[in-house]
Amino acid sequence: MFLAIQDAVNTGKGTVSLRGWVYRTRGSNVLKFIVLRDGTNIIQCVVEKEKVTPETWAAAEKILIESSVEIEGDLREDKRAPTGYELGVKNLKIVQLAERFPITKDQSTEFLLDMRHLWLRSRELTTVWKVKAAILTAVREYFAQHKYIEVTPPIITGSSCEGGSTLFKLDYFGEEAYLSQSAQLYLEALIFSLDKVYAITPSFRAEPSKTARHLTEYWHCEGEAAWMNFEQLLTFMEGLLSHVVQTVADTCAEELKLLGRNPADLKKIQPPFPRITYDEALQILKKDGIEVPWGKDLRTEEEEQLMKHYDKPLIVTRYPKKIKAFYMKDDPENPDVVLCCDILAPEGYGEIIGSSQREENIDILKRKITAQGENTEHYNWYLDLRRFGSVPHSGFGLGIERVVRWLCKLETIRDAIPFPRTIKRKTP
Ligand code: ATP
Ligand code: MG
């Protein structure tokens, strides 16, 4: 609700002064309805020609949507209104008379993306930003409850983490540098200072194709903890996800409903989450008539098929070593697979978390780097972490916009971020 209305209701004041933007107008030559919007909500304001000054009436007649205004009026209870109130206008002052708003009904997705700086005021997107803020708050809350320290890793880096093909290169004073794909290596360094750390930063990936779940710039929440083993990692992530989902279902019930998501459905997302191995995933797919050769990564279609069997996030562990990053620890019970885990969201929203226990032994780590065709020289500082007090440790990365997309039921991840960056788009 508009803060001024909340205030008036609390103090029993009948007259309020509101500031905001014109969301809609309609009416006749004696009566105008102006729906006013601010960051909190919308409220209908009624202007009656007979009851206002000629100046106010003239303003009401010429006003266009998205004009900024100050309106003074009497608050009247209206059970059907979104805020429960409407305003009988006494005074209307136009702060800036807007030009004709370029966005009207039924415009193409591309046009709306070109107009993103204006379209982000829409009710749907405004609601998404609120849910996203609640998700970020809940994430930070969970880390704080578990005594993790928030840290600030670099964005410009000299080393890659997730593989060269999606790396953004940068001219760094004549030398090559990269935009960070993941803060993981830096978080691994920081656990030796703080034990348990997390960071929420932008990550950059030069994703070559346009999909509903890839951005080239996204907000990445990563956690890393010394002494944490694989089982503890799985339990921690399960706890984090359910805390976020439960909190958002409680604190954003109205917003979620507006987006077409029933909060009651989210309340069912409680631990334990189902856990299967990669091998078991292949068996399930095989029964469904989909043959994935052992050693191939699961593609989007396969993940979607798998998720038809589950209505909670699914924990998939122990993928083949050869398709996973060098820093993941081998499974002591099966050297062909690693102690890694992807968490897949229900309803086909795809992977939301990637994680693993990390290899802590320097010799094995060097062998893994070499086996992936890379030069251990490039990882000198990282290998130091295995030279000076190495300990077992684990960590994960969660894509904030992936979670936003899932909880807000968005068709595409582009609507989970105010200014989406994709292969075809870097403006506005
Ligand atoms: P995918 O298979 O979907 O490309 P990934 O295996 O490349 O994901 P990780 O490297 O494990 O992902 O990154 C950790 C998390 O970051 C992912 O689980 C996902 O939530 C998020 N993420 C990764 N790439 C993107 C992207 N391009 N846009 C938005 N979020 C992403
Ligand atoms: Mg990827």
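Of the residues Leu233, Thr235, Leu240, Leu241, the one that meets the side-chain contact (heavy atoms from CB on, under 4.5 Å) test with Met237 is Leu233. Each of Lys329, Met228, Glu188 was checked for a side-chain contact (heavy atoms from CB on, under 4.5 Å) with Arg358, and the lone residue meeting it is Glu188. Between Val131 and the options Leu410, Val403, Leu259, a side-chain contact (heavy atoms from CB on, under 4.5 Å) holds for only Leu259. Screening Tyr148, Tyr186, Phe143 against Tyr198 for a ring pair (Phe, Tyr, Trp, His ring centres under 6.0 Å) leaves a single residue, Phe143. When the options Gln305, Gln283, Lys308 are evaluated for a side-chain hydrogen bond (donor to acceptor under 3.5 Å, both in side chains) with Asp288, the one that passes is Gln305.
Judged by distance alone, the side chain of Gln232 and the main-chain N or O of Asn229 form a donor-acceptor pair under 3.5 Å. For Arg318 (side chain) and Leu339 (main-chain N/O), no donor-acceptor pair under 3.5 Å exists by modelled atom type. At least one donor-acceptor pair closer than 3.5 Å links the side chain of Gln246 to the backbone N or O of Ile269. A donor-acceptor pair under 3.5 Å is absent between the side-chain atoms of Gln44 and the main chain of Glu86, judged by distance alone. Using modelled atom types, no side-chain atom of Thr157 and backbone atom of Tyr178 make a donor-acceptor pair closer than 3.5 Å. Put simply, the side chain of His146 never gets that close to the backbone of Ala144: no donor and acceptor are under 3.5 Å apart. In this structure, Asp38 contributes its side chain and Asn41 its backbone to a donor-acceptor pair below 3.5 Å. Between the side chain of Lys312 and the backbone N or O of Gln270 there is at least one donor-acceptor pair closer than 3.5 Å.
Between Lys321 and Asp330, at least one side-chain nitrogen of the basic residue sits less than 4.0 Å from a carboxylate oxygen of the acidic one, meeting the salt-bridge criterion. The pair Lys368-Asp363 fails the salt-bridge criterion, with no side-chain N (NZ, NE, NH1 or NH2) lying under 4.0 Å from an Asp/Glu carboxylate O.
For the atom pair CD1 of Ile103 and CD of Glu66, the computed distance is 8.5 Å after rounding to the nearest 0.5 Å.
Side-chain atoms of Gln357 and His393 include no donor-acceptor pair closer than 3.5 Å. Donor-acceptor pairing under 3.5 Å is recorded for the side chains of Glu222 and Ser182. Side-chain contact of Arg123 with Tyr23: a donor-acceptor pair under 3.5 Å is absent, judged by distance alone. Counted by atom type alone, Tyr327 and Gln184 present one or more donor-acceptor pairs between their side chains at under 3.5 Å. Thr277 and Asp279 are not linked by any side-chain donor-acceptor pair at a separation below 3.5 angstrom, with hydrogens and angles left out of the test. Defined by atom type and a distance below 3.5 Å, a donor-acceptor pair is missing between the side-chain atoms of Ser67 and Gln96.
Below 30°, between 30° and 60°, or above 60°: for His220 and Tyr218 the angle between ring planes is between 30° and 60°, a tilted geometry.
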> Does the pair Glu110 and Lys424 meet the rule for a salt bridge (Lys or Arg N to Asp or Glu O under 4.0 Å), with working shown?
Replying inline: CA-CA 11 Å; Glu110 281 309 306; Lys424 290 250 159 68; over 6 Å; no

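A cation-pi arrangement is absent between Arg405 and Tyr349 under the rule of less than 6.0 angstrom and at most 45 degrees off the ring axis. Judged by the 6.0 Å and 45° rule, Arg386 forms no cation-pi pair with Phe388. Within the cation-pi definition used here (under 6.0 Å to the ring centroid, within 45° of the axis), Lys324 qualifies as a partner of Tyr319.
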